[in-house]
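These numbers come from the heavy atoms of this one structure, side chains and all, not from hydrogens, waters or symmetry mates. Residue numbering restarts at 1 for every chain, and letters A, B, ... go by the order of the sequence lines.
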There are 2 protein chains.
Amino acid sequence: MGQLIHLSEAVSLAIHCLALVSVSEKSLNASTMARHLGASRNHLAKVLQQLVKHNFLSSTRGPGGGFTMRKAPGEITLYEIYELMEGKPEIEYCMAHGNECPFSGCVYGNIREKLTEEFVAFFRQRKISDIIPAIKPS
Amino acid sequence: MGQLIHLSEAVSLAIHCLALVSVSEKSLNASTMARHLGASRNHLAKVLQQLVKHNFLSSTRGPGGGFTMRKAPGEITLYEIYELMEGKPEIEYCMAHGNECPFSGCVYGNIREKLTEEFVAFFRQRKISDIIPAIKPS
DNA sequence: TGTATTTAGGTATTTGAATGCGCAAATATA
DNA sequence: TATATTTGCGCATTCAAATACCTAAATACA
């Protein structure tokens, strides 16, 4: 149903790819990763491009090419990746249209702010290196 | 930007309307509420239909018609309304496609489950009657 | 009875994310 | 140098959710 906590597939792909590249001895190409993750090669390619552009990955073209890490997995927090792919998490005013809400305080209290903060705190503390142990031996 | 905590406008409209109808002495029509909330009359009408169908509101057509409460505002939790409009909040498996994730535990840990539970707990405890005091005198 | 008002509900349009596609650029290797 | 491989990147398409529109049905009231 409607996802309350919304994490796009792009974020998910980025995080998984960084971990996979981290543990790979040689460079990993997009097709291989797409196959492993059961994801669209095209979508994944877009995500990888972003990660290259922002210096998380290096890419090499041509046969045997692919992607390698440019930063150590211990230096990359999940939050950095989240923000790169989705932007800063913002709380939208609930009546987005005219801000003339006839209520003096938000009917949601500050639950959204609170949950967002918890999420950010968790993602800031968690690093790519933390998720590497979860990779199944292929 | 991408909303991390996603609450649709439909949920928001439903909650606000129930509070407005609760404090209204006579029946409130869709156009009036739309004006007060600065929202689309059409969208709001859909939301109100749902609330009628599920016995939160009664409706009467024709001149002077509109909506009146069918349940007491102290008997309606925000969660009921959320679930009515959005369905139960589910955690999607992050690689939605093939569930052959090459990771043994979810890279997100259980943060999404935890945040969802917090949200649900908050929304279950909060009632329409709790937000009525926040209505600005018009 | 006629008319204006208002909800009901089906259908259409819009929007944004995801996905697909095609070609250019780079490069390894035969 | 030719060829196969692989990324880079812009554009087109698809898909689902959100939103808008349109007409029918009901009802109050003159």
Atom [atom1] of [X] and atom [atom2] of [N]: how far apart are they, to the nearest Å?
| X | N | atom1 | atom2 | value |
| --- | --- | --- | --- | --- |
| B/E9 | C/dT15 | CD | P | 14 Å |
| B/M85 | D/dA17 | CE | C1' | 13 Å |
| A/N42 | C/dG20 | CG | P | 6 Å |
| B/H6 | D/dA17 | NE2 | P | 10 Å |
| A/K26 | C/dA28 | NZ | C1' | 14 Å |
| A/Q3 | D/dA18 | CD | P | 12 Å |

Ignoring hydrogens, what is the shortest heavy-atom contact between [X] and [Y]? Give both atom names and the distance.
| X | Y | result |
| --- | --- | --- |
| A/P89 | B/L4 | CB-CB, 4.2 Å |
| B/A30 | B/R41 | CB-NH2, 3.9 Å |
| A/I135 | A/A19 | CD1-O, 3.7 Å |
| B/S27 | B/T68 | CB-CG2, 3.5 Å |
| A/H6 | B/Q3 | CB-O, 3.6 Å |
| B/C101 | A/K136 | O-NZ, 3.0 Å |

- Message: Donor-acceptor pair, distance only, cut-off 3.5 Å: does the side chain of A/S104 make one with the backbone of B/A134?
- Response: yes
- Task: Can you run down the salt bridge (charged side-chain N to carboxylate O under 4.0 Å, His left out) pairs that involve residues 117-134 of chain B, sequence neighbours left out, and say none if there aren't any?
- Result: A/K114-B/E118
Sub-4.0 Å heavy-atom contacts from [range] onto DNA chain C, ordered by number:
| range | answer |
| --- | --- |
| residues 65-73 of chain B | B/G65, B/G66, B/F67 |
| residues 43-54 of chain B | B/K46, B/Q49, B/V52 |
| residues 56-64 of chain A | A/R61, A/G62, A/P63 |

Categorize [X] for me: base, sugar-phosphate, or nothing, with a 4.0 angstrom heavy-atom threshold over every strand shown.
| X | answer |
| --- | --- |
| B/S31 | nothing |
| B/A10 | nothing |
| B/N29 | sugar-phosphate |

- Message: Between A/Y108 and B/F123, is the ring-ring contact (aromatic ring centres under 6.0 Å, His included) condition met? List the steps.
- Response: CA-CA 8 Å; A/Y108 295 144; B/F123 259 45; 5.6 Å; yes
- Task: Could you pull out all residues at least two apart from B/S8 that satisfy side chain to side chain donor-acceptor pair (under 3.5 Å)?
- Result: B/E86
- Mind checking side chain to side chain donor-acceptor pair (under 3.5 Å) for A/S58 and listing every partner two or more places apart, or none if nothing turns up? none
- Message: Between B/R41 and D/dC21, is there a contact of a side-chain N or O with OP1 or OP2 at under 4.0 Å?
- Response: no
